[in-house]
Each structure stands twice: as C-alpha cells, then as structure tokens.
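In what follows, a single structure is set out as structure tokens and then discussed.
Just follow the structure's listing: the first ligand is 1, and inside any ligand the first atom is 1.
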Amino acid sequence: MLKTGVVADRRYLKHFAGRAHPERPERAEVMIEMAESLTRPDLRFMAPREATQEEIASCHVAEYIATVARTASMDRFDFDPDTHSSRDSYQTAILAAGGVLTAAEAVMDGAIDNGFAIVRPPGHHALPNRAMGFCFFNNVAIVAKWLIEKRGLKRVMIVDWDVHHGNGSQDIFYESPEVLYASTHQFPEYPGTGSLHEIGYGAGLGFNVNAPMPAEFGDAEYMRVFDRLIMPIGRHFKPEFILVSCGFDAHYRDPLAQMRVTEAGFAAMARRMKRLAAECCGGKMVAALEGGYELEAIVESGRAVIDEFGRDADEPIRPDDGGDRVMPMIERAAQNVGRFWNLG
Ligand SMILES: [Zn+2]
C-alpha cells in the first residue's frame with residue numbers, strides 16, 4: 001500500500017464565482033466529504049499552507065497579482081465573462097496554489113508517497129498576466145516552478161486530463177525543456193488552444209504534447225492515447241516528478257463538455273501515471289483538482305483516483321482494447337513530436 005496525502009480544507013469553499021456559476025463551493029464540499037469518508041488507514045489529511053508572493057510571482061506578473069489582490073476589497077470583480085471574484089477569492093486562490101505546494105513538499109520530503117489536492121479555484125487556464133476560465137493563479141505551474149527553482153529538479157511532467165486544454169500551463173512552459181506538458185482534451189472546445197501543431201518553441205520544442213479529441217470519445221480512446229503517446233514520451237523524458245491537472249469534466253455526465261470517460265477510466269489513467277512515476281521517480285506524483293462540474297461524477301471519480309493512488313504501483317495494466325478511431329490523431333501527433341521522442 002502507498003501512503004497518499006489528501007489536502008482538504010473548508011476554506012476552499014469561500015471563493016464565490018457568482019450565482020448559478022458551475023465552479024461553485026459545493027464542488028470542494030462534496031470532495032472533502034468523500035475524502036473524509038474513506039477508511040484507508042494510510043490516508044493522511046493535510047492542511048494547506050498559503051503560497052508566498054514569490055511563489056505566485058514565479059508564474060504571474062506583479063501587476064496582475066496586484067489586480068487580483070485588490071479584489072479582496074470588492075464584492076465582485078469580472079475578469080472575463082466566465083471568471084468572477086468575490087471578497088475571499090484572492091485568499092482562496094493563494095491557498096489553492098499553496099495546497100498543491102503542501103502536497104508536493106510532503107512528497108519531496110518523503111512524508112507521503114503521493115498526493116491529491118482538493119483545491120479551488122482551479123488553475124490551468126490562468127496566464128501570467130490574466131485570469132480566465134474560472135482560474136486566477138496557475139496552481140500546478142507554480143508547483144512545477146517551485147520544484148525546479150527551489151528543489152533543483154531538472155524534469156517535471158504535467159499531465160492534464162481535464163477536458164479543456166490547459167492553455168495557461170502550456171503558455172508558461174512553452175519554451176522550457178524542463179517541464180513537459182501533455183494534455184488530453186476535447187477539441188474544438190474552450191479555450192480553443194491545444195492543436196497538434198502546438199509542440200513547444202525554441203529550447204522547449206517537442207516538450208509540449210497535445211492530444212485533441214472530438215466529442216464522444218471515452219475510456220478506450222483515452223487509454224490508447226496514454227499507452228501509445230503519453231506513457232512512451234514520459235518514459236523517454238524520465239520526469240523527476242509528475243503533476244496531474246486532474247479535472248473530472250471529461251466524465252460522461254459532466255454538463256460542460258461531451259466526452260464519455262467513466263470513473264474506471266479516470267482510475268485507469270491514474271494507474272498509468274502511478275506506474276510512470278514508479279518507473280521514473282520513485283512514485284513522486286501529485287494530482288490537483290481542476291474542473292469537473294457534476295457533483296456525483298466528481299465524487300465517484302475522485303474516490304476512484306484516490307483509491308488507485310493508494311494501491312501498489314506494480315498492479316497489472318490491462319492493454320488497451322478498442323479505441324481505434326483515435327489512432328489517426330495519435331499518428332498525426334507522432335508525426336509532429338515523434339522526432340523528439342522514442343514512441344516504441
Ligand atoms: Zn475543464
């Protein structure tokens with residue numbers, strides 16, 4: 001059994017994005033209740049710390065951070081048509097980045113084997129100078145920077161299986177060979193980025209891997225993408241730490257997107273990432289909640305992933321079967337990034 005840390009804190013309920021907004025406090029509430037109901041003795045609950053200004057500034061420009069900070073004295077501020085703050089949003093966003101940092105620190109220090117951070121607001125759409133898509137600060141990107149700048153790592157892999165493309169994470173590391181960003185997402189969909197042609201730039205060329213898929217693809221297609229693209233590239237890259245942008249909005253019941261992933265599908269992706277982490281970096285891995293807007297779906301998917309994180313990494317991985325219709329996309333991706341990576 002592996003020791004899994006779960007970051008959970010009811011202060012994550014304080015950010016309020018507006019009435020009838022899908023990114024609502026209940027998302028964190030039901031996830032925390034689910035985690036607290038788990039009876040595994042090896043589960044360790046952790047209270048999040050706040051991210052420091054320096055940590056936030058590793059990914060965001062000072063003027064933008066100050067803009068978000070000023071919203072603490074406003075009942076509401078509209079950053080874009082989807083992204084609104086309340087008085088507690090700035091504090092909650094700092095605690096969200098800090099929550100993922102808390103889990104990553106505990107993994108690095110050996111207190112836990114891997115971690116799952118139940119945080120909100122999410123982060124992967126947040127750009128250096130701009131909030132968008134319900135996101136203010138890029139939680140996972142801030143942790144990747146921290147691992148490199150403060151812990152001296154040279155290779156961090158971000159796997160983003162949120163149904164939306166993490167344009168912010170891609171943007172922040174687009175020219176970096178230290179962070180390999182790999183994303184599965186519905187395409188075309190919000191935010192519009194994430195095409196097969198976006199493969200990084202300069203020193204980062206080849207270190208950005210997008211797997212855009214049309215609506216209605218599900219577990220079989222996702223497994224193909226993981227087994228034929230993400231796992232081989234990961235094995236070649238040999239990350240020293242894996243961060244998962246863990247959205248559950250590719251779930252078949254999610255109201256914001258049209259993919260068909262099940263709870264078992266999310267567990268199967270988690271098993272693959274756990275295997276990759278075991279092979280490359282002693283199992284060091286942290287997943288951070290991103291999207292996912294159907295409460296029962298995120299609870300069941302979250303339970304499946306946290307359970308999977310606790311099981312030994314050498315459990316068998318069933319070979320992918322079905323999913324043939326995703327092969328043309330995988331082949332096109334291989335044409336673009338295959339010259340950088342041995343795809344087997
Ligand atoms: Zn999403």
Side-chain angles (χ1 to χ4, degrees), residues 12 15 17-18 20-28 30-31 79-84 92-93 96-97 100 116-127 130-141 158-172 181-195 198 209-219 221-222 225 230 243-263 265-266 269-270 273 287-302 304-305:
Y12 288 126
H15 159 59
H21 196 286
E23 206 290 278
R24 55 207 192 276
E26 289 82 357
R27 298 177 62 247
V30 297
M31 288 290 285
F79 284 87
D80 76 6
D82 304 317
T83 313
H84 320 288
T92 315
V100 190
F116 190 100
I118 301 170
V119 297
R120 64 181 288 277
H124 72 153
H125 295 305
L127 291 161
R130 192 178 148 201
M132 63 181 280
F134 317 163
C135 302
F136 297 89
F137 299 136
N138 198 315
N139 307 321
V140 161
I158 298 175
V159 176
D160 185 337
W161 69 51
D162 187 281
V163 81
H164 303 101
H165 180 245
N167 59 299
S169 308
Q170 169 174 295
D171 183 86
I172 289 165
Y181 176 74
S183 173
T184 57
H185 44 274
Q186 184 173 330
F187 188 86
E189 230 314 322
Y190 184 89
T193 51
S195 79
E198 298 159 27
V209 179
N210 286 317
M213 292 181 278
E216 305 292 332
F217 279 20
D219 293 357
E221 290 80 18
Y222 274 76
V225 172
I230 293 176
L243 293 162
V244 179
S245 266
C246 182
F248 293 124
D249 40 10
H251 190 279
Y252 67 95
R253 287 208 308 272
D254 193 272
L256 264 56
Q258 290 78 41
M259 298 309 246
R260 310 291 304 162
V261 177
T262 69
E263 297 85 21
F266 286 114
M269 289 189 259
M273 289 301 95
L289 183 64
E290 298 278 3
Y293 304 97
E294 209 281 328
L295 297 184
E296 271 184 43
I298 66 172
V299 162
E300 294 311 316
S301 303
V305 167

*Would you check if the Zn ion (ligand 1) lies under 2.8 Å from any N, O or S atom of D249?*
yes
*Go through F217 and Y222 one step at a time and tell me if the ring-ring contact (aromatic ring centres under 6.0 Å, His included) criterion holds.*
CA-CA 8 Å; F217 279 20; Y222 274 76; 8.4 Å; no
*If you count the non-hydrogen atoms of other residues, nucleotides and ligands that lie under 6.0 Å from CD in E26, is the total more than 12?*
yes
*asked:* Need the atom name: nearest N/O/S atom of D162 to the Zn ion (ligand 1).
replied: OD1
*Verify whether one side chain among D160 and Q170 offers a donor that lies under 3.5 Å from an acceptor in the other.*
no
*Examine all N, O or S atoms of H164, backbone included, and report whether one is under 2.8 Å from the Zn ion (ligand 1).*
yes
*Determine whether the side chains of H164 and Q186 contain a donor N or O and an acceptor N or O closer than 3.5 Å.*
no
